[in-house]
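Computed from a predicted structure; not experimentally measured. To find a chain, count down the sequence lines: A is the first, B the second, and so on, and within it residues start at 1.
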Amino acid sequence: MSPVETTPAVRKTALNVAHRQLGAKMVDFNGWDMPVEYSGIIAEHVAVRTGVGIFDVSHMGDIRVAGPQALAAIQHISINDASRLAMGQAQYSAMLYPQGTFVDDIIVHRLGEHEYLIVINAGTREKDFKWVRDNMRQFDCVVENLSDDFTQIAIQGPRGVDVVQKLTDADLAAVKFYWVTRGTICGLKDILIARTGYTGEDGFEIYIPSDEATSARVWNEVLEAGKEFGVLPCGLGARNTLRLESKLPLYGHEISDTINVWEAGLDRFCKMEKPDFIGHEALKNDKAAGLKRMLVGLEMVDRGIARDGYRILNSSGEQVGYVTSGSYAPFLKKNIALAYVPPELAAVGTEVLVEIRNQGVKARVVPTPFYKRPKKS
Amino acid sequence: MSYPADFKYTKEHEWIKPDGGTATIGITTYAQDSLGDIVFVELPKPGTELSAGKTFGSVESVKAVSDLYAPASGTVTEVNADLNTHPEKINKDAHGSWMVKIKLKDAGELNSLLSAADYEKFVAEEGGH
């Protein structure tokens, strides 16, 4: 007997045709047929750092939680303190397993008095929704999977605000980073406009209806409005190098179901003073036991590019860690990486070896994030 | 894309331009286009022995790492060191950006490689369009 082969259907966002019309190179990303680049990763990356770039991030998932106990339910499943959120405010957070490791990292938006929107990763959509639904059963709230309802477009970069302002009546100057508003955009009423993103730049993410015609119309209007600012459509390639320069974690790389909050260095988003949340007990014990590994930033000293999964060696050639993400950094023009290493090798300035094609290539621990956007004057 | 008729090609997307007992090696326009922005090359030192079909270096774009396969056996006589600091030149002119020159061990090996027309047909099928 041979096992029955099941090939999961490749999923497409409502903008799939638009990407192909723009000549994008498409790749399979966690089962999604997504653009990896249009004009080139370097040009797209630099556009976001210096002007504006737009991304189709509709493959991300969205979960709405509403009801009298919505806050308590959110508090139960997340590490950050959602009780601090004012209406219209958002926060970076994460969901943990009881053993303190990651289900996923999330953004929690407070949309109303008792209404929240959780944005989750594409690759973990089904797992995350089931996790949220199952762990919120004891609370008086409704949990809805809205993932297929929205086309989500990210407009990122210092000129992103200028582009979006041309298309909306909402006063964007009044919307601070990690806050949301609602407004008419491209003629669509009551659209959620969030000043959030995953690039290390200022920017917006807009949530529009997911039908193909509306999605393509808005995408094209954003591109048109951005022309005077040199807008480029950007793919997952630039999204990855942008988030890496800014040390934003990616599920399956810097965080996973075998990595805990302390190792990942996400302490400032983890509010242990909350009476309880899933994973709280394990994290307390982990903290007391001390760290066995830490996430550090590396810059290559010798020629070579550290890639995801490459081994970190000590001076005797023994494996002491591994690279979680590594690439040429298009804005910094350096070869950088994030890696897990033992605490004794985590101090800034420490030299380690990255094993590249059976050779130990020298790298140095450097401060992170590698890139921090300039403060507005 | 146009592929020079006096080059021979591999299915791994290298080109080789023979010139008597020596030859020049690089990667094709198709290869640079599928890789995207090239940011790193690792090439052998002069004197290195290449053997046909075996890796002799690597080329990396922002996104991907790709091995280089020797189209023919021979000894490296010259390396294009300019590519170490300007790997992006391969994107701009793949057929003009040579990587290594070799002294051919057996010029007959080249007969088994693809002609420009065959290579063009091969990449049209591989690219699915």
Practice item. Report the option among A:Ala329, A:Gly237, A:Pro330, A:Gly304 that has the most heavy-atom pairs separated by less than 4.5 Å from atoms of chain B. Key: A:Gly304
Practice item. List the atom of A:Ile42, the atom of B:Val39, and the distance in Å for their closest heavy-atom pair. Key: CD1-CG1, 3.9 Å
Practice item. Heavy-atom distances under 4.5 Å only: say whether A:Arg303 touches chain B with side chain, backbone, both or neither. Key: both
Check your understanding: Of the listed residues (A:Thr241, A:Ile41, A:Asn335), which shares the most heavy-atom pairs with chain B below a 4.5 Å separation?
Key -> A:Ile41
Check your understanding: Do other residues, nucleotides or ligands put more than 12 heavy atoms under 6.0 Å from the NZ atom of B:Lys17?
Key -> no
Check your understanding: Is it the case that more than 12 heavy atoms not belonging to A:Gln319 sit under 6.0 Å from its CD atom?
Key -> yes
Revision key, fill the gap. The interface call for B:Asn91 against chain A, heavy-atom contacts under 4.5 Å, is neither
Review point. Top residue by heavy-atom pair count (under 4.5 Å) with chain B, among A:Arg307, A:Glu37, A:His45?
Key: A:Arg307
Check your understanding: In residues 54-65 of chain B, which residues are in contact with chain A at a heavy-atom separation under 4.5 Å?
Key -> B:Ser58, B:Glu60, B:Ser61, B:Val62, B:Lys63, B:Ala64, B:Val65
